[in-house]
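In what follows, a structure is listed as C-alpha cells, so that the remarks can point back to it.
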Amino acid sequence: MKLYNTLSRRAEEFHPGGDTVLLYVCGLTPYDEPHAGHAMSAVVFDVLRRYLEFRGLSVRHVQNFTDIDDRIIQRANRAGVDTGTLVGQYVESYLRDLRTLNVLPAHHYPRVTEEVPAIVEMIQGLLERGYAYGVDGDVYYRVTRKPDYGRLSHRALESMVAGARVDSDERKEHPGDFALWKAAKPGEPAWPSPWGPGRPGWHIECSAMALRYLGATLDIHGGGADLIFPHHENEIAQSEAYTGKPFARWWVHNGWMLLNGEKMSKSLGNTVGMREAIERYGADAFRLFVLTSHYRSPLNFTDEALRSMRRGVQRLASAANAELPGRGEPFDSEPFRRRFIEAMDDDLGTPGAVAVLFELAHAVHRGRDAGQDVRAAQATLRELASVLGLALAAEAEEEAAADAVPFIELLLEVRQELRALRQFTVADKIRGRLSELGIAVEDTPEGSRWRPVRE
RNA sequence: GGCGACGUGGCCAAGUGGUUAAGGCGGGGGACUGCAAAUCCCCUAUCAGCGGUUCGAAUCCGCUCGUCGCCUCCA
C-alpha cells in the first residue's frame with residue numbers, strides 16, 4: 001500500500017522493516033477530559049492498524065500518556081489533588097471512551113512517570129555525546145549540533161528564530177534549544193537525576209519510550225498534524241543523536257478537527273467532549289464521520305454532518321443484518337472487496353472505501369429484490385466494515401433500555417392484533433407514540449420490527 | 001514575516017490530465033404498504049474567479065478573491 005510520509009511529502013510504497021510493523025502514536029496529556037479531536041486521531045490510527053492487519057501484517061502498537069507537565073500540575077493544584085489522581089481519572093475516561101469507540105487497545109500505554117530512569121539514561125547519553133548541556137539543573141538539547149534539524153517540518157533553523165514570538169531564555173545557547181530535563185520548582189513533583197531533582201521535558205519521553213518498547217527505528221510514527229513541529233522534529237533530533245539510527249521510516253499525521261470552522265482545541269475553548277460526541281451520535285456514526293473524509297484533511301465537526309452519518313450507519317446496518325433466505329443465485333461480492341482494497345491501498349483512502357461499503361449495501365438490497373442469495377455479500381459487508389472498525393451491530397436489544405424490551409414487544413403484539421382487525425387508527429397511534437419515544441416500528445411481510453432511533 | 005493546506009451539487013465529501021464528476025445526507029417523483037417506515041426505480045453539479053499550457057483540465061502553471069492551519073501548550 002502507499003502511505004503518505006510527512007518526511008518526503010509524498011505517498012510512498014509501505015513495507016515494514018521487519019516482520020512486525022512497529023507503530024508508535026503520540027497520545028495525549030491527560031489534564032482534562034478528552035475531546036472529539038482526540039477521538040478522531042484514535043480512529044485514524046486504529047483504522048491504519050486494522051487495515052495493516054487485514055493485509056496480513058502483524059502490528060505492535062504503542063501509545064504514550066504524557067502524565068506530567070505544567071498543565072497537569074496546575075490543574076491538580078487547583079483541584080487540590082495530586083497529579084496522579086488527576087491523571088488517573090482522565091486516562092481512565094479516555095480508555096473507556098476508546099472501548100466505546102471500538103478502538104483496538106494498543107499493546108502498551110507507557111507513561112512518562114513510569115519511565116523516568118530510561119529517560120534519564122537517554123539524557124545522560126546525549127550529554128556525553130555533546131548534544132545537550134546543563135544549566136542550573138535544567139538540561140537542554142543543542143539544536144545546532146545536527147545539521148538536519150528541521151527536515152520533518154521542512155523549515156530552516158534561521159527562519160524559526162526569525163519568526164519566534166516567544167521570549168528566548170537567555171540561558172539557552174540557541175533560541176531553538178529545548179528542555180530535556182526541567183529542574184523542579186518548589187512544591188512540584190520531582191524525580192532524582194544526576195542534575196538534581198526535576199522532571200522530563202516534553203519531547204524526550206516519546207523518544208525514550210519508543211526506543212524501549214519498539215526499538216531504535218520505528219516503521220510508523222503517528223500523531224496529529226500539530227505535533228510535526230516542534231514535538232516530532234525534536235523527537236527525531238534526540239533519538240537520532242542518541243542511537244545514530246533513523247528514528248522513524250514513516251511519519252503519518254492526521255489533520256485537525258475543526259468545530260464550526262475553527263480549530264478545535266482546549267486553548268481556544270471550543271471543544272466537544274469525546275464522550276459527548278459518542279453518546280450523542282453513536283460510535284459508528286462518529287467513526288463514519290471521521291472516515292468519510294481523508295485522514296490528512298481537516299475535519300469540521302457539525303451537528304448536521306454527524307446526524308447524516310447516523311442515518312448512513314442505519315443504512316449499512318440494515319443491509320448487513322437483514323435476515324434473508326439463502327435461495328437463488330449467489331451474488332458475487334468479490335469486486336467490492338477488490339475496490340475496497342484498492343481504495344485503502346491508496347494512502348488509506350477511507351472515503352473511497354466507505355463508498356464501496358454503501359454500494360455493497362445497495363447491492364445486497366438489490367440482489368435480495370432480484371431473488372439472489374446475498375448472504376455471502378452480507379458477510380463481506382460486515383467483514384469490510386469491521387476493517388474500518390464499524391460494528392454495525394443489530395442495535396435493537398443492545399441499546400434500548402433492557403427493561404423496556406418486553407413492554408415494547410407486548411405493545412407490538414397488541415398492535416398486530418389490531419391491524420389484523422383493521423383497527424388502523426389505534427394501531428397507528430401506537431406506532432406514532434413509540435416513534436416519539438425513540439422506537440421506530442417497521443411493518444414487513446414477515447411481521448413488525450422495531451429499532452431504537454437516537455435523537 | 002516564513003512554511004503549508006484548502007475552496008467540487010442544498011449540506012458533507014471523493015476524484016488531481018481524457019470515464020456518464022464516487023459515495024453519504026437532504027429534496028422531488030414513482031413502486032411497495034391499509035397508511036407509514038425500511039427498501040427498490042428515476043431525477044437533483046461542470047468543479048471560487050480570471051488568464052495561460054495542452055488535441056483535451058475540476059485535475060498542470062500564474063494572478064485575484066476567500067477560508068483554515070503550523071511557526072508557542074495542543075490529537
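All of these numbers come straight from a predicted model, not from anything done at the bench. Quick note on labels: first sequence line is chain A, next is B, and so on, each numbered from 1.
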So [X], base contact, sugar-phosphate only, or nothing? Heavy-atom distance under 4.0 Å.
| X | result |
| --- | --- |
| A/Gly349 | nothing |
| A/His294 | sugar-phosphate |
| A/Gly222 | nothing |
| A/Gly223 | sugar-phosphate |
| A/Ser293 | sugar-phosphate |

Distance check, P atoms only: B/U16 and B/U59, in whole angstrom units. 12 Å

Provide the distance between the two C1' atoms, one in B/A14 and one in B/A75, to the nearest whole Å.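 About 24 Å, rounded to a whole number of Å.
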
Restricting to salt bridge (charged side-chain N to carboxylate O under 4.0 Å, His left out), what partner residues turn up for [X], sequence neighbours left out?
| X | value |
| --- | --- |
| A/Asp177 | none |
| A/Arg50 | A/Asp46 |
| A/Arg338 | none |

Nucleotide paired to B/C50 in any strand shown, Watson-Crick or G-U, under 3.5 Å: B/G62

Mind checking who B/C68 pairs with, Watson-Crick or G-U wobble, both distances under 3.5 Å?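 Per the H-bond distance test, B/G4.
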
Spacing of [X] atom [atom1] relative to [N] atom [atom2], expressed in whole Å:
| X | N | atom1 | atom2 | result |
| --- | --- | --- | --- | --- |
| A/Leu227 | B/U72 | CG | C1' | 13 Å |
| A/Arg71 | B/U72 | CZ | P | 15 Å |
| A/His253 | B/A5 | NE2 | P | 15 Å |
| A/Arg339 | B/G15 | CZ | C1' | 13 Å |
| A/Leu152 | B/G4 | CG | P | 14 Å |

Nucleotide by nucleotide, 5' to 3', does protein get under 4.0 Å of the base (B), only the sugar-phosphate (S), or neither (-) in nucleotides 6-12 of chain B, counting heavy atoms? -----S-

If a protein heavy atom is under 4.0 Å from the base, mark B; if only from the sugar-phosphate, S; if neither, -; do that for nucleotides 29-43 of chain B going 5' to 3'. -----BBBBSSSS--

Between B/A13, B/G4, B/C68, spot the one nearest the side chain of A/Arg9, thanks. B/G4

ring-ring contact (aromatic ring centres under 6.0 Å, His included): which pairs involve residues 247-283 of chain A, sequence neighbours left out?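 Found A/Phe14-A/Trp250, A/His221-A/Phe247, A/His221-A/Trp251, A/His232-A/Trp251, A/His232-A/His253, A/Phe247-A/Trp251.
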
Under the ring-ring contact (aromatic ring centres under 6.0 Å, His included) test, residues paired with [X] that sit two or more places apart:
| X | value |
| --- | --- |
| A/Tyr90 | none |
| A/Tyr4 | none |
| A/Phe54 | A/Tyr51 |

Scan residues 375-383 of chain A against RNA chain B and write down, sorted by residue number, each residue with any heavy atom closer than 4.0 Å; if none is found, say none. none

Scan for side-chain hydrogen bond (donor to acceptor under 3.5 Å, both in side chains) pairs involving residues 379-390 of chain A, sequence neighbours excluded, and state none if there are none.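 Every pair satisfying side-chain hydrogen bond (donor to acceptor under 3.5 Å, both in side chains) with a residue in residues 379-390 of chain A: A/Ser333-A/Thr380, A/Arg337-A/Glu383.
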
Parallel, tilted or perpendicular: which one describes the rings of A/Phe301 and A/Phe286, with boundaries at 30° and 60°?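 Rings of A/Phe301 and A/Phe286: tilted, as their planes differ by 30° to 60°.
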
Give a yes/no on whether any side-chain N or O of A/Arg155 is located under 4.0 angstrom from OP1 or OP2 of B/C70.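 For B/C70, neither OP1 nor OP2 has a side-chain N or O of A/Arg155 closer than 4.0 Å.
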
Distance-only donor-acceptor hits, side chain of residues 440-447 of chain A, under 3.5 Å, sequence neighbours excluded:
{"residue": "A/Glu442", "atom": "OE1", "partner": "A/Arg449", "partner atom": "NH2", "Å": "3.2"}
{"residue": "A/Glu442", "atom": "OE2", "partner": "A/Arg451", "partner atom": "NE", "Å": "2.9"}
{"residue": "A/Glu442", "atom": "OE2", "partner": "A/Arg451", "partner atom": "NH2", "Å": "3.0"}
{"residue": "A/Asp443", "atom": "OD1", "partner": "A/Arg415", "partner atom": "NH1", "Å": "3.0"}
{"residue": "A/Asp443", "atom": "OD1", "partner": "A/Ser448", "partner atom": "OG", "Å": "2.7"}
{"residue": "A/Asp443", "atom": "OD2", "partner": "A/Arg415", "partner atom": "NH2", "Å": "2.9"}
{"residue": "A/Asp443", "atom": "OD2", "partner": "A/Arg431", "partner atom": "NH1", "Å": "3.4"}
{"residue": "A/Thr444", "atom": "OG1", "partner": "A/Glu446", "partner atom": "N", "Å": "3.1"}
{"residue": "A/Thr444", "atom": "OG1", "partner": "A/Gly447", "partner atom": "N", "Å": "3.3"}
{"residue": "A/Thr444", "atom": "OG1", "partner": "A/Gly447", "partner atom": "O", "Å": "2.7"}

Are any of the side-chain heavy atoms of A/Trp450 and A/Leu412 separated by less than 4.5 Å?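 Yes, at least one pair of side-chain atoms sits under 4.5 Å.
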
Tell me whether A/Glu173 is salt-bridged to A/Arg142, with the criterion being a basic N under 4.0 Å from an acidic carboxylate O. yes

